There are 2 protein chains.
Amino acid sequence: MTKPRNDETVTMQSVAVAAGVSPMTVSNTFRYPERVQEETRQRVLKIASELGYVPNHAAGNLASGQSRVIGAVIPSIKNSSFYNYVRGMQDRVTSQGYQLILKLADTVNQEAAAIRTFVGLRVAGIALVGDEHEMDALTLLRKTGTPVVESWVYNNPFDMAVGYSTADATHAITSLLIETGRQRIGFVAYDSDVSRRYTERVPVFKRCVERAGLGSHRIVLVDEADGFSAGAKALERLCAIDPDVDAIICPTDIVAAGVLFECGRRGWKVPDRLAVAGWGDYEIASEITPGITTLQPHTYEMGQRAMTMIMERASGIDHRGVSHDTGFQVLRRESA
Amino acid sequence: MTKPRNDETVTMQSVAVAAGVSPMTVSNTFRYPERVQEETRQRVLKIASELGYVPNHAAGNLASGQSRVIGAVIPSIKNSSFYNYVRGMQDRVTSQGYQLILKLADTVNQEAAAIRTFVGLRVAGIALVGDEHEMDALTLLRKTGTPVVESWVYNNPFDMAVGYSTADATHAITSLLIETGRQRIGFVAYDSDVSRRYTERVPVFKRCVERAGLGSHRIVLVDEADGFSAGAKALERLCAIDPDVDAIICPTDIVAAGVLFECGRRGWKVPDRLAVAGWGDYEIASEITPGITTLQPHTYEMGQRAMTMIMERASGIDHRGVSHDTGFQVLRRESA
DNA sequence: TCTTCGCTTTGTAGCGCTACAATATTCTGC
DNA sequence: GCAGAATATTGTAGCGCTACAAAGCGAAGA
């Protein structure tokens, strides 16, 4: 024996004895209810709940080699960026009898640790954000064959992906500013080891403004994308390049809101003095005055789709190598 | 046999064979490194990483009856309210070789489902927010003896608790407004089935203003505490009771920010026309102009403490029935 | 040389559950 | 009433890991 014996522990065995059936019938009652006669099922369920029995996932997982738990790694919950994404995942998953568990990871290393935990738990699949991951973690995922979906990305999926075209999106938002007559458009770039996905936007922006005959040198870098204070810094740095900058494209609505706050402090009118564009359609974008013109990715659908892909893998439908496009939308509000 | 055989699967056994040691040595290498000679340990580790071996938690958990995974149920990630709390938990836990997994639950029912998942996973402990839980879930926790910490609450812990005195905090923030000469103080209450903890504040507020000889009828209810739009609604409703209301105490900084946005739309000067107090020290409180006067609970410490309590339980230190006070602080800024 | 002692390593025996095959039971149709 | 089909239930044999006790093995002391 392995475990310090505890006679109190309610096992499938004890439920079976109490209900006068075999353990397998109890097992079937929970996993394949349709295999058990209604009457028997009710009896087992009643006894089980009286005894406070909860099937031991660890044991079930071990025995079946299958798991109904899916792991998702989320970069941050600092602001609401992932709210709808998580909601989408959660909603999709529970309707199928699966469960979603989350881990936060700010850096590639933390992400790798999270992946190891999930693999250790032998989850049914893992949802990652972005396409920058630690080499070792990927090797592990490949070796164990764990289904993986990358979100927010679209090209060259490691396994499966769901997202939208950053290039198209950058093009759309930049074009909007150009079309509304802005001449000195600034761009706020963000780069971190977990979020390389932001950097893709820079060359697209450049190409876009250059094709319109505008300068493409108004680019500054900030070191966080989910803090308001980055907005102030970004504006400051942009003014150092060009004090007459007349538009700014931010990596997130949070940064855009930060810019708005800073404009407030400077007494700048938005959008007259400066047009501000955000990204992500965070709640604050619609609530703040002026409302922030932003790019809305369909994150809820993204979350749902990610889960669908993982769950379908379990039922035999193989999406390996598939990228799903959930599209985006430009939401025009007062700020630009 | 149970599982469709897969010769690819790397088990402790296969690592043991490859390293020329017994499975137990491999097990010890991971669980009790100090029991294995350095040289042997290195060899095992090397082989394990070459083979892409990740210990199967499910099996280990089953065999040992112990788990190094702790589950936390978070009401929402819609805004940053729980950011520092989660960070505190995460930081504390990883330094001890534990892992934290999260589940989101907006309602008591979802919380109960999350608890069931965690219990099914046989986690080492569960961290809950607030003290309103589903009866069945509690019974289950009691029966299985899972260590549970409730956060944000202080009285009558179900098992263990870590939080601060809502009464003292409400008293502190109300007193601040009274002391600065406000006469027509409004209070925004919030009530939902998961967040009864907000309702405690109402009677304290009443007592407080009454003792100062002020009216205690300026109380309105909103139906969400983490959305900016609640701020506009709250102010509207408060004005219906008293158009000359001169101060407002909000359930969260998000609602307070919403009030600020609404003041902006109305052209009301803050704090001249209206003093606004928030709760929670969300990032926006310090970034928005004017800065929001708020109540800062020490959420990071709360998260850390919660994990400590759970992990200590595993090592024999029993905190059953213990409540830990992490205190709070009133942060005075421009809005009040 | 023989014990004794401390450190390492290794069998053994399950942990609680499920796939699968086999068996038991009920239901058809004639 | 009975063969044969359909449905329900039940043993068996592990899944991959770890607690525990027992065994191996040098070094130091007698």
Side-chain angles (χ1 to χ4, degrees), chain A residues 1-44 48 51-69 119-122 144 314, chain B residues 1-44 48 51-69 119-122 144 314:
Chain A
M1 189 239 333
T2 331
K3 197 169 161 179
R5 53 177 68 267
N6 174 1
D7 304 332
E8 306 291 319
T9 310
V10 183
T11 72
M12 184 170 274
Q13 178 68 39
S14 49
V15 175
V17 170
V21 295
S22 78
M24 264 321 292
T25 300
V26 180
S27 174
N28 284 331
T29 301
F30 286 96
R31 284 184 63 88
Y32 306 100
E34 72 282 4
R35 289 188 189 168
V36 181
Q37 210 168 4
E38 180 61 16
E39 191 196 358
T40 315
R41 213 174 60 81
Q42 292 302 341
R43 181 154 39 96
V44 171
L51 262 43
Y53 170 69
V54 180
N56 185 332
H57 273 73
N61 187 338
L62 181 61
S64 71
Q66 300 196 327
S67 166
R68 293 189 157 253
V69 174
V119 171
L121 248 19
R122 299 297 190 269
T144 54
Chain B
M1 190 236 336
T2 331
K3 198 169 161 178
R5 53 176 67 268
N6 175 0
D7 305 331
E8 306 292 320
T9 310
V10 183
T11 71
M12 184 169 276
Q13 178 68 38
S14 48
V15 175
V17 171
V21 295
S22 78
M24 264 321 293
T25 300
V26 180
S27 174
N28 286 330
T29 300
F30 286 96
R31 284 184 64 88
Y32 307 99
E34 72 282 3
R35 289 188 190 168
V36 180
Q37 211 167 4
E38 181 61 17
E39 191 195 1
T40 316
R41 213 174 61 83
Q42 292 303 339
R43 183 155 39 96
V44 171
L51 261 43
Y53 171 69
V54 179
N56 185 332
H57 275 72
N61 186 341
L62 181 60
S64 70
Q66 300 196 326
S67 167
R68 296 191 155 253
V69 174
V119 171
L121 250 16
R122 300 299 190 264
T144 55

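Per chain, numbering begins at 1; letters A, B, ... match sequence-line order. Everything quoted here is computed from the prediction, not taken from an experiment.
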Closest non-hydrogen atom pair, B:Leu62 against A:Ala59:
CD1-CB, 3.7 Å
So, OP1 or OP2 of C:dT18: does either fall under 4.0 Å of a side-chain N or O from A:Ser64?
no
Compare every heavy atom of B:Thr9 with every heavy atom of B:Ser14, then report the nearest pair and how far apart it is.
OG-O, 4.3 Å
From the options C:dG16, D:dC17, D:dA19, select the nucleotide whose nearest atom is closest to the side chain of B:Ala59.
D:dC17
dist B:His57:NE2 -> B:Ser64:OG (nearest 0.5 Å) comes out at 10.0 Å
For B:Arg122 and B:Val119, indicate whether the former's side chain and the latter's backbone hold a donor-acceptor pair under 3.5 Å.
yes
Side chain of A:Ala63 only, please: which of C:dC17, D:dC17, D:dT12 is the nearest?
C:dC17
Can you identify which nucleotide, out of D:dC15, D:dC20, D:dC17, has its nearest atom closest to the B:Thr11 side chain?
D:dC17
Report the distance from atom NE2 of B:His57 to atom P of D:dT18, rounded to the nearest whole Å.
10 Å
Please indicate whether B:Glu38 has more than 12 foreign heavy atoms, meaning atoms of other residues, nucleotides or ligands, lying under 6.0 Å from its CD.
yes
Mark yes when over 12 heavy atoms from residues, nucleotides or ligands other than A:Glu34 sit less than 6.0 Å from its CD; otherwise mark no.
yes
C:dG16 C1' sits how many Å from B:Leu121 CG, rounded?
14 Å
From C:dG16, D:dT18, C:dT18, pick the nucleotide closest to the side chain of B:Leu62?
C:dG16
Output the rounded distance in Å from CD (A:Gln13) to P (C:dC17).
9 Å
For A:Pro23 and for B:Val26, locate the closest nucleotide of DNA chain D by heavy-atom distance; then report the residue assigned to the nucleotide nearer the 5' terminus.
A:Pro23
In whole Å, I'd like the distance from the CG atom of B:Asn56 to the C1' atom of D:dG14.
14 Å
Taking all atoms of both residues into account, what is the closest heavy-atom pair of B:Ser22 and B:Ala16, and its distance?
C-CB, 3.7 Å
Toward the 5' end of DNA chain C, which comes first, B:Ser22 or B:Arg122, by nearest nucleotide?
B:Ser22
May I have the distance from A:Met12 (atom CE) to D:dG14 (atom P), rounded to whole angstrom?
20 Å
The contact string for nucleotides 22-27 of chain D, one letter per nucleotide 5' to 3', using protein heavy atoms under 4.0 Å with B, S and - for base, sugar-phosphate only and none, comes out as ------
Nearest whole angstrom, please: distance from the P of C:dG16 to the OH of A:Tyr53.
10 Å
Would you mind reading off the distance between A:Met24 atom CE and D:dG11 atom P, rounded to a whole angstrom?
11 Å
Measuring to OP1 and OP2 of D:dA8, would you say a side-chain N or O of A:Thr25 lies under 4.0 angstrom away?
no
Is there a residue in residues 30-38 of chain B whose heavy atoms reach under 4.0 Å of DNA chain D, and which residues are they?
B:Arg31, B:Tyr32
Working note: A:Met12 + A:Asn56, criterion side-chain contact (heavy atoms from CB on, under 4.5 Å); need CA distance, chi angles, decisive distance, verdict.
CA-CA 9 Å; A:Met12 184 170 274; A:Asn56 185 332; over 6 Å; no
Once side chain to side chain contact (heavy atoms under 4.5 Å, CB included) is applied, do any residues pair with B:Thr40, and if so which ones, sequence neighbours excluded?
B:Val21, B:Thr25, B:Val36, B:Gln37, B:Arg43, B:Val44
For the residue pair B:Tyr53 and B:Thr11, what are the closest heavy atoms and their distance?
CE1-C, 3.6 Å
Rounded to the Å, how far apart are A:Asn28 CG and C:dC20 P?
12 Å
Classify the nucleic acid contact of A:Pro55 as base, sugar-phosphate or nothing, counting any heavy atom under 4.0 Å across all strands shown.
sugar-phosphate
Give a yes/no on whether any side-chain N or O of A:Ser27 is located under 4.0 angstrom from OP1 or OP2 of C:dT18.
yes
